[in-house]
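Below is one structure, written out as structure tokens; comments come after it.
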Amino acid sequence: MMSFLKRNKTKPSSKAYAVVTGAGSGIGRSFALELAKRNGTVVCADINLDAAKETVDLIEKAGATAFAIQCDVGVAEQVEHLANEAEKLMKHPVTLVINNAGVGLGGKFDELSLDDWRWCLHVNQWGVIHGCHYFVPRFKALGYGAIINVASAASYTAAPEMSAYNVSKAGVRALSETLYAELKKDNIRVNCLCPTLVPTNIIKDGRIPERYSKLADHALMNFAMTTSDSVAKLTLDRLDKGELYTTPQVDAKLFWLMKRTAPNLYAKFLGFSYQFVK
């Protein structure tokens with residue numbers, strides 16, 4: 001019977017027992033709500049417990065089951081506790097983990113402090129590493145499972161004045177690509193989300209130079225070309241199809257194509273264009 005279930009776990013997002021980090025707002029909240037619509041049970045983890053509880057309230061009002069846990073994903077012990085507690089709360093093994101929690105950081109390379117780098121990598125990179133570290137063995141023991149790692153188009157666009165953020169997200173993409181191949185034989189699916197602009201709190205809550213913060217807010221409001229709800233739905237659908245990448249917007253796809261087909265030309269164009277940035 002178990003082998004039959006393993007072979008026929010065709011839609012990991014349907015009736016999932018899921019853990020979503022950074023579930024208190026933005027894409028994380030949208031993932032949690034979409035999973036609830038798909039008859040899932042969700043543990044909403046966030047460093048802001050009140051925000052996680054707000055997401056749980058929204059899910060419960062919709063008639064689904066959810067739980068809130070406070071977690072700093074950059075701290076290994078807290079993610080280990082999250083993995084243990086989630087299974088107890090849901091009274092079922094976790095079948096899907098969405099490593100979504102992230103922070104924004106901008107600025108010229110020589111303007112960033114080492115503390116800035118540590119803060120960014122603590123959440124964006126180590127948070128994902130910790131999530132995979134504590135859930136992959138559980139999925140292997142279960143016989144199936146699924147992982148969504150939220151990276152960014154920044155993982156390959158390498159835009160100037162985003163060095164730490166670019167590095168953190170490139171690491172997430174590299175880890176996802178590795179795990180996709182490594183875990184296929186274990187019936188564990190992996191999807192890596194790489195959006196460009198999505199309206200969330202990442203600008204407001206991040207460390208963005210004042211000279212760019214208003215511009216970034218304007219861009220999010222007027223040029224995002226999508227919503228966090230649409231991104232969550234698309235990503236879960238692509239996970240169900242066994243796809244590795246989710247690049248939800250046209251510009252994300254265009255940058256990907258440019259970088260893949262002509263990397264040297266792309267880098268030269270980026271360097272040339274940046275000369276005219278004030």
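Between the side chain of Asn166 and the backbone N or O of Met162, at least one donor-acceptor pair lies under 3.5 Å. A donor-acceptor pair is defined here as one N or O able to donate and one able to accept, closer than 3.5 Å; no such pair exists between the side chain of Glu87 and the backbone of His92. Formation of a donor-acceptor pair under 3.5 Å by the Ser168 side chain with backbone atoms of Cys120 is not found in this model. For Thr55 (side chain) and Ala23 (main-chain N/O), a donor-acceptor pair under 3.5 Å exists by modelled atom type. Proximity of a side-chain donor or acceptor of Asn48 to a complementary backbone N or O of Ala51 within less than 3.5 Å is detected. No donor-acceptor distance shorter than 3.5 angstrom exists from the side chain of Ser152 to the backbone of Ser155, with no hydrogens or angles considered.
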TODO: Under the salt bridge (charged side-chain N to carboxylate O under 4.0 Å, His left out) rule, what do Asp237 and Lys11 come out as? Steps first, then yes or no, please.
DONE: CA-CA 8 Å; Asp237 288 345; Lys11 290 190 175 182; over 6 Å; no
Open item on the list: Assess the residue pair Leu183 and Lys140 against the criterion (side chain to side chain contact (heavy atoms under 4.5 Å, CB included)); give the C-alpha distance rounded to whole Å, side-chain angles, the decisive distance to 0.1 Å, and a yes or no.
Closed with: CA-CA 9 Å; Leu183 300 178; Lys140 284 188 174 184; 3.8 Å; yes
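Residues His130 and Val73 have side chains not in contact (no heavy-atom distance under 4.5 Å, counting atoms from C-beta outward).
Within 6.0 Å of the NZ atom in Lys53, the count of heavy atoms belonging to other residues, nucleotides or ligands does not exceed 12.
The OG atom of Ser14 sits 11.5 Å away from the CG atom of Leu96 when rounded to the nearest 0.5 Å. Between the CD1 atom in Ile148 and the OG1 atom in Thr21 there is a gap of 11.0 Å [rounded to 0.5 Å].
Taking Ser176 as the reference, Asn149, Val172, Val190, Cys192 meet the side-chain contact (heavy atoms from CB on, under 4.5 Å) condition, with sequence neighbours excluded.
A salt bridge is absent between Arg189 and Glu243: the closest approach of a Lys/Arg side-chain nitrogen to an acidic carboxylate oxygen does not fall below 4.0 angstrom. For the pair Asp229 and Arg29, the salt-bridge criterion is not met [side-chain N within less than 4.0 Å of a carboxylate O].
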